[in-house]
Participant: 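This structure is in structure tokens; I'll ask about it shortly.
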Amino acid sequence: MINNVLETAKNELEKSFVEAYKLLQLLNNEDAADIAIVSAREKIKKKHSDVTEDELEAWALEIYDKHVQEITLEPVNVIRANKQSAWERNELKFGYYWGRYSKYLEDIKKWPSDTIRSIDTTTTEILKSLGNPNKQQEFNIRGLVLGYVQSGKTANFTGLINKAYDVGYKLVIVLAGMHNDLRSQTQLRLEKEVVGVIDKVTNEASGVAAISNKGELVQTWTTIENDITAKAIEQRRNLGVPNLMVVKKNKDVLETLNEVIETCCNLSAEYRDVPVLVIDDEADQASVDTADSNEEPKTINRLIRRLLNQFRRKSYVGYTATPFANLLIDSQTKDENVKEDLYPKDFIIALPKPEGYCGPEEYFNVTGYEEDNKPLYIRHLSDDDIDLFNNVKKKEDAGLIQQVPHSMQKAIQSFVIATAIRNLRKQEKEHNSMLIHASHLTDIQLELRRVVEAYFEEFSNTVLYASNDELLKQLRELYLKDFVQVQTIFNETSKENRHPVLEWVEVYTEIKKVLTTIRIMAVNGQSKDALEYDSYKESGLNVIAIGGNKLSRGLTLEGLTISYYYRGTSMYDSLLQMGRWFGYRGGYMDLCRIYTSLQIATNFEHLAEVMVEVRKEFEWLAQNADLTPYDYAVSILGHDFMDVTSRAKMKTAEFLYYYGGSIRQTRSFDTNLRFYETNMEATVELVNKIDDFEPVGERTKYHLAEDVSTQYILDFLQKYQTRSGATVVDSRKILEFIQKQISRGNYLNFNVVIVDTTEGTFNRKVVRDANAKGANLKEFPVNLGKVQVESAVLRSTKEDKSIDPTAVDLGAIVSGNQQLVDLKNKDDRDESNPLLLIYPLHPGVPAFEKLNYNFNENLVPIGIAFDFPRVYKENLKGEIVEARQKYLKNKTVRYDKGE
């Protein structure tokens, strides 16, 4: 009896804790677990006075361990324009919509708690960057969320939508790609996970409705079958309650959408103040304006901007895994009619890499896995395969495809083996897919389906009825020499998801069962085939999908194991998006293969490095609170043959210079007085910031300061001007180069040297000769703030070397080995001690004297020189290489700190 009473008390403690804990989590309370356990203990103490403190403590620890996991989440890297959030400390509280969605993910989809926590954390960070719908002020937010290809971006913006309704947003519009399939797929997902579904016949609830349907219903303007239509104009919807639209990025659709919104707002002017969230899925596709500067914006871009401008309180959030085009949007442009463009001026957020996600770094040889004993998932195509598809360039070439090429046969056999093994691993009800992507032409895809169907029928008959055929020996050898070897390495290197190696007889027996279940589809505009995975959710769909553009972006291939890919592209974003094999492969990663060419595999390895570097720079930016998306343009690693995106989207791109291992010195100067005044002011400000200068040098005097904060150098370059139009030495480009190095952890401090007079200079013959010509070349003291220079530095004393009448040209200003004056050994220069040399220049030489300005001890021309050490980096393969690669950035974004 006593044991039953204690068991009841313990169960009540656990129930009370779980209820309170989940509620507090919804309210974003960081101390949710501690508060919940204290509250639950107090309840039990009041109700069960016979329970001792020791018993309560033991139960509490057990319950805490059971329900509260110590989850270490990757940090969310956020760059915001407005450091003052529009939200008060306790305003971001989430209730009905997020509560049932998170419970749906936990209870019905059985997602791991750390995945749900990650979605919770990241969506809260995104919301912090959006306008606050509970305040009456107008807001106009533009933001970008960077995810990974096939990484769950839809789950993330689904969470964002649910939270947006919780905090007061009324209208959510999702721009879901350019094809009906993707739009329908997104609509289906959001109806399940935002709206909730009730079966019309059985009245059975599914999706989030299975968790709860007690809250306010979200009105949907679109359906799985139908996009927005003109009929919506007649429906007179109420925009004051939660509304959801899922629309294609299509000219007719967006024009209709704008008409529908305009009609609603004309009927009720208050609707212009409705808080609106526009989510642009695959935001780099179609949304980016490709028009020339003298043209009006392209149609899709213009219609999206027009849609946003219909409301006074709106937040636009673009989602993409390939942000190159978005980062290159002109940040300054404004159209007279549709106003500012979609540049993410307010925030950029990089989502952390999800646990269990397999991307380029997992598939391709970016870390030297041949040396690391890492599983190899790439299979290179035969020369015959490559020759065939190189010759198939137009639809009339379809006749060249007479049979399935050799490597494709191997890929199909691998898919059959992989599907059989998954069945034997108790994954028989899961979807299994194979991708064949060899051409964007539908005629070629249809011809491929024909020959694949013929081959698969012959292959199946051989396996089922000709047990001694040579093909069976090949199939067995493929299993033993490929699948068994990879699985063995995988089991040795993986801490989780290990599986026993199966005997061939067991696999072969399952293969014969699998063959009758595999369907072959062409997924394109001319085919009636459709990847309706949801129709096979009970048994799983086994499918070989042959396609091109429809399969290249957004559309998910469930359970993708084998990919046959040969589709050339010269653009980063297109190639990366075509990698449908990226994603979550829990329980079957060792079965995945990519059949492609060596060149394509090499290109993917480069893209892995590109994205790693972009994300590292995001991380650095997120930690630098002073920088905003308007201040700093993220740089993108270039390539000798590929472009980062289409040429039309690269109008604002410019290449960054690499200055490592070189001396950069000013030799030409402008002729206007303000140029010299500004540079003198900038130099004095820099000198006064530096704590101590030490006199060094023998024949020439120098003032040396070591380990000067690079921030002082950046501030100096913000103000210091090089000659307008300068290409060799441009202060802005030098600043950007230094910024790039800082983001990599280099150049964190500088040595600064002020060059002073040289003993005997004013007694030399050249000076006397110059004096004889009337030049006033006596010693010229200079006041550089806390540093007093005995005399300005003499350069170009004989004659004015200027050819351009709008410029002063002195030639080289660095004399001898002056760039080594701060070093004990000339080889000591490294990334920890780059050098800035400051030259207060003598204004009496002919080149400056002709200007007729009143130069004096408080105003002289200032020349500068940098000695930049070579910069090295460790590439993804662990090799130490000089960081000489070219980078490009958005030239319309400026580092404007301090202006």
Participant: Is the closest side-chain heavy-atom distance between Leu328 and Val644 below 4.5 Å?
Facilitator: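 Contact flag for Leu328/Val644 side chains = yes.
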
Participant: Do NZ/NE/NH1/NH2 and the carboxylate oxygens of Asp822 and Arg829 come within less than 4.0 Å?
Facilitator: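 Salt bridge between Asp822 and Arg829, a charged N being under 4.0 Å from a carboxylate O: yes.
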
Participant: Where do Tyr720 and Gly863 come nearest, in terms of heavy atoms and distance?
Facilitator: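 What the structure gives for the nearest pair is OH-CA, 3.8 Å.
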
Participant: Can you check whether Ala633's main-chain N or O pairs, donor with acceptor, with Asn890's side chain at less than 3.5 Å?
Facilitator: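 Not at all, since once roles are kept as given, no pair shorter than 3.5 Å links the two residues.
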
Participant: Do Thr700 and Thr758 get their side chains close enough for a donor-acceptor pair, meaning under 3.5 Å?
Facilitator: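 Yes, a side-chain donor-acceptor pair sits under 3.5 Å.
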
Participant: Would you give the length of the straight line joining atom OG1 of Thr122 to atom CD of Glu125, rounded to the nearest 0.5 angstrom?
Facilitator: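 Going from OG1 on Thr122 over to CD on Glu125, the span is 8.5 Å.
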
Participant: What are the two closest heavy atoms between Asp631 and Val893, and how far apart are they?
Facilitator: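 Reported closest heavy-atom pair: C-CG1, 3.9 Å.
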
Participant: Taking the side chain as every heavy atom from C-beta outward, state whether Gln623 and Glu619 have any atom pair closer than 4.5 Å.
Facilitator: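 With C-beta onward as the side chain, the pair touches.
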
Participant: Leu342 versus Val288: any side-chain heavy-atom pair under 4.5 Å?
Facilitator: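 With C-beta onward as the side chain, the pair stays apart.
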
Participant: Would Asn833 and Glu706 count as a side chain to side chain donor-acceptor pair (under 3.5 Å) if you check the C-alpha gap in whole Å, the side-chain angles of each, and the deciding distance to 0.1 Å?
Facilitator: CA-CA 8 Å; Asn833 61 2; Glu706 296 181 301; over 6 Å; no

Participant: Would you name the heavy atoms of Leu621 and Tyr632 that are closest together and state the gap between them?
Facilitator: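 Result for this residue pair: CD2-CD2, 3.4 Å.
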
Participant: Evaluate the criterion side chain to side chain contact (heavy atoms under 4.5 Å, CB included) for residue pair Ser743 and Lys616; output intermediate values, then yes/no.
Facilitator: CA-CA 8 Å; Ser743 73; Lys616 281 183 178 178; over 6 Å; no

Participant: Determine, using ring centers only, whether Phe737 and Phe868 are less than 6.0 Å apart.
Facilitator: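 Under 6.0 Å, so yes.
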
Participant: Side chain to side chain donor-acceptor pair (under 3.5 Å), that's the test. Do Thr892 and Ser331 meet it? Break it down for me.
Facilitator: CA-CA 6 Å; Thr892 71; Ser331 68; 3.1 Å; yes

Participant: Under the side chain to side chain donor-acceptor pair (under 3.5 Å) rule, what do Ser635 and Glu617 come out as? Steps first, then yes or no, please.
Facilitator: CA-CA 8 Å; Ser635 58; Glu617 198 156 349; 2.8 Å; yes

Participant: Taking the side chain as everything from C-beta on, heavy atoms only, tell me whether Tyr565 gets closer than 4.5 Å to Leu575.
Facilitator: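 Touching, per the 4.5 Å side-chain cut-off.
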
Participant: Pro869 and Tyr747: which non-hydrogen atoms are nearest, and at how many Å?
Facilitator: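 Here Pro869 and Tyr747 meet closest at O-OH, 2.7 Å.
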
Participant: Below 4.0 angstrom, N of the basic side chain to O of the carboxylate: do Glu736 and Lys740 qualify?
Facilitator: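 Salt bridge absent between Glu736 and Lys740.
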
Participant: Can you confirm if the aromatic rings of Phe848 and Tyr853 lie within a centre distance of less than 6.0 Å?
Facilitator: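 No, too far apart.
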
Participant: In plain terms, say whether Asp828 and Lys824 are close enough for a salt bridge, that is, a side-chain N and a carboxylate O under 4.0 Å apart.
Facilitator: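 Here Asp828 does not pair with Lys824 in a salt bridge, since their nearest N and O are not under 4.0 Å apart.
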
Participant: Any side-chain to backbone donor/acceptor pair from Tyr839 onto Asp756? Under 3.5 Å, distance only.
Facilitator: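 Pair absent, no side-chain N/O of Tyr839 close to backbone of Asp756.
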
Participant: Distance from Leu784 atom CG to Glu685 atom CD, nearest 0.5 Å?
Facilitator: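 Leu784 CG to Glu685 CD: 12.5 Å, rounded to 0.5 Å.
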
Participant: Is there a donor in the side chain of Asn746 and an acceptor in the side chain of Gln741, or the other way round, less than 3.5 Å apart?
Facilitator: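 Distance-only check passes for Asn746 and Gln741.
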
Participant: Less than 3.5 Å apart, any donor N or O on the side chain of Asn326 or Asp284 sitting next to an acceptor on the other?
Facilitator: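 On atom types as modelled, these side chains do not qualify, holding no pair under 3.5 Å.
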
Participant: Heavy atoms, side chains only, cut-off 4.5 Å: are Phe750 and Ile738 in contact?
Facilitator: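 The answer is yes, as the side chains (C-beta and beyond) meet within the 4.5 Å cut-off.
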
Participant: Got a donor-acceptor contact below 3.5 angstrom from the Ser791 side chain to the Phe780 backbone?
Facilitator: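 Flag set: sc Ser791 to bb Phe780 pair under 3.5 Å.
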
Participant: Do side-chain atoms of Gln788 reach the backbone of Gly785 as a donor and acceptor pair under 3.5 angstrom?
Facilitator: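 Pair found, side chain donor or acceptor close to backbone of Gly785.
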
Participant: Taking side chain as C-beta onward, heavy atoms only, is Ile734 less than 4.5 Å from Phe866?
Facilitator: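 The answer is yes, as the side chains (C-beta and beyond) meet within the 4.5 Å cut-off.
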
Participant: Give a yes or no answer on whether the side chain of Thr710 reaches the backbone of Asn749 with a donor-acceptor pair at less than 3.5 Å.
Facilitator: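 Confirmed, Thr710 side chain pairs with Asn749 backbone.
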
Participant: Please enumerate all residues that pass side-chain hydrogen bond (donor to acceptor under 3.5 Å, both in side chains) together with Glu882, with sequence neighbours excluded.
Facilitator: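 Glu882 satisfies side-chain hydrogen bond (donor to acceptor under 3.5 Å, both in side chains) with Tyr658, Arg870 once adjacent residues are dropped.
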
Participant: Would you mind checking if Asp809 and Arg667 are paired as a salt bridge, meaning a charged N to carboxylate O distance below 4.0 Å?
Facilitator: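 Yes, this pair counts.
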
Participant: Please enumerate all residues that pass ring-ring contact (aromatic ring centres under 6.0 Å, His included) together with Tyr148, with sequence neighbours excluded.
Facilitator: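 ring-ring contact (aromatic ring centres under 6.0 Å, His included) list for Tyr148, sorted by chain: Tyr357.
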
Participant: Could Lys651 and Asp330 be called an ion pair, given the rule that one side-chain N must be under 4.0 Å from one carboxylate O?
Facilitator: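 Salt bridge: no.
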
Participant: Going by the angle between their ring planes, with limits at 30° and 60°, are Phe669 and Tyr676 parallel, tilted or perpendicular?
Facilitator: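 Ring orientation of Phe669 relative to Tyr676: parallel.
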
Participant: If you measure from the Lys or Arg side-chain nitrogens to the Asp or Glu carboxylate oxygens, is any gap between Asp670 and Arg723 under 4.0 Å?
Facilitator: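 Yes, this pair counts.
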
Participant: Is there a donor-acceptor pair closer than 3.5 Å between any side-chain N or O of Arg142 and the backbone N or O of Asp341?
Facilitator: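 Judged by distance alone, yes, a pair lies under 3.5 Å.
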
Participant: Give the minimum heavy-atom separation between Gln150 and Gly579, together with the two atoms involved.
Facilitator: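 Closest pair (atom of Gln150, atom of Gly579, distance): CG-O, 4.4 Å.
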
Participant: Check for a donor-acceptor pair, side chain of Ser668 on one end and backbone N or O of Val808 on the other, with a separation under 3.5 Å.
Facilitator: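 It does not hold such a pair.
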
Participant: When you look at NZ of Lys873, are more than 12 heavy atoms from neighbouring residues, nucleotides or ligands closer to it than 6.0 Å?
Facilitator: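 Enclosed.
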
Participant: Any side-chain heavy atom of Leu656 sitting closer than 4.5 Å to one from Lys886?
Facilitator: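 They are not in side-chain contact.
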
Participant: Quick one: CG on Leu748 to CD1 on Ile742, what's the gap to the nearest 0.5 Å?
Facilitator: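 Taking CG in Leu748 and CD1 in Ile742, the distance rounds to 7.0 Å.
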
Participant: Do Ser151 side-chain atoms and Gly147 backbone N/O form a donor-acceptor pair below 3.5 Å?
Facilitator: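 Between the backbone of Gly147 and the side chain of Ser151 there is no qualifying donor-acceptor contact (under 3.5 Å).
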
Participant: What orientation do Tyr377 and Tyr363 show, parallel under 30°, tilted 30 to 60°, or perpendicular over 60°?
Facilitator: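 Because their plane-to-plane angle is over 60°, the rings of Tyr377 and Tyr363 count as perpendicular.
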
Participant: With side chain to side chain contact (heavy atoms under 4.5 Å, CB included) as the criterion, how do Asp715 and Leu686 come out once you've worked through the C-alpha distance, each side chain's angles and the decisive distance to 0.1 Å?
Facilitator: CA-CA 8 Å; Asp715 293 342; Leu686 171 63; over 6 Å; no

Participant: Taking the side chain from Ser574 and the backbone from Met571, do they hold a donor-acceptor pair closer than 3.5 Å?
Facilitator: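 No; zero donor-acceptor contacts below 3.5 Å.
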
Participant: Of Thr320, Thr645, Thr322, which meets side chain to side chain donor-acceptor pair (under 3.5 Å) against Asp573?
Facilitator: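 Between Asp573 and the candidates, side chain to side chain donor-acceptor pair (under 3.5 Å) is satisfied uniquely by Thr645.
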
Participant: On a heavy-atom basis, which atom in Met611 and which in Pro323 lie closest, and how many Å separate them?
Facilitator: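 Heavy atoms only, the tightest pair is CE-CD, 4.2 Å.
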
Participant: Does Val755 form a side chain to side chain contact (heavy atoms under 4.5 Å, CB included) with Leu837? I'd like the steps, not just the answer.
Facilitator: CA-CA 7 Å; Val755 183; Leu837 286 157; 4.1 Å; yes

Participant: Between Thr671 (side chain) and Ala807 (backbone), is there a donor-acceptor pair under 3.5 Å?
Facilitator: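 Absent.
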
Participant: Could you walk me through whether Phe693 and Ile754 pass the side chain to side chain contact (heavy atoms under 4.5 Å, CB included) test, one step at a time?
Facilitator: CA-CA 9 Å; Phe693 281 92; Ile754 300 171; 3.9 Å; yes

Participant: Can you pull out every salt bridge (charged side-chain N to carboxylate O under 4.0 Å, His left out) where at least one residue sits in residues 783-797? Sequence neighbours excluded, please.
Facilitator: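 Passing the test, one end in residues 783-797: Lys701-Glu790.
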
Participant: Determine whether His639 and Tyr572 satisfy the following criterion, side chain to side chain donor-acceptor pair (under 3.5 Å), listing intermediate values before the conclusion.
Facilitator: CA-CA 9 Å; His639 188 270; Tyr572 286 10; 5.6 Å; no

Participant: Got a second to check how far Ile386's CD1 is from Gln599's CD, nearest 0.5 Å?
Facilitator: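 Output value for this atom pair is 10.0 Å.
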
Participant: Is there side-chain contact between Pro360 and Phe582, with heavy atoms separated by less than 4.5 Å?
Facilitator: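 When only atoms from C-beta onward are counted, Phe582 and Pro360 do touch, with a gap below 4.5 Å.
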
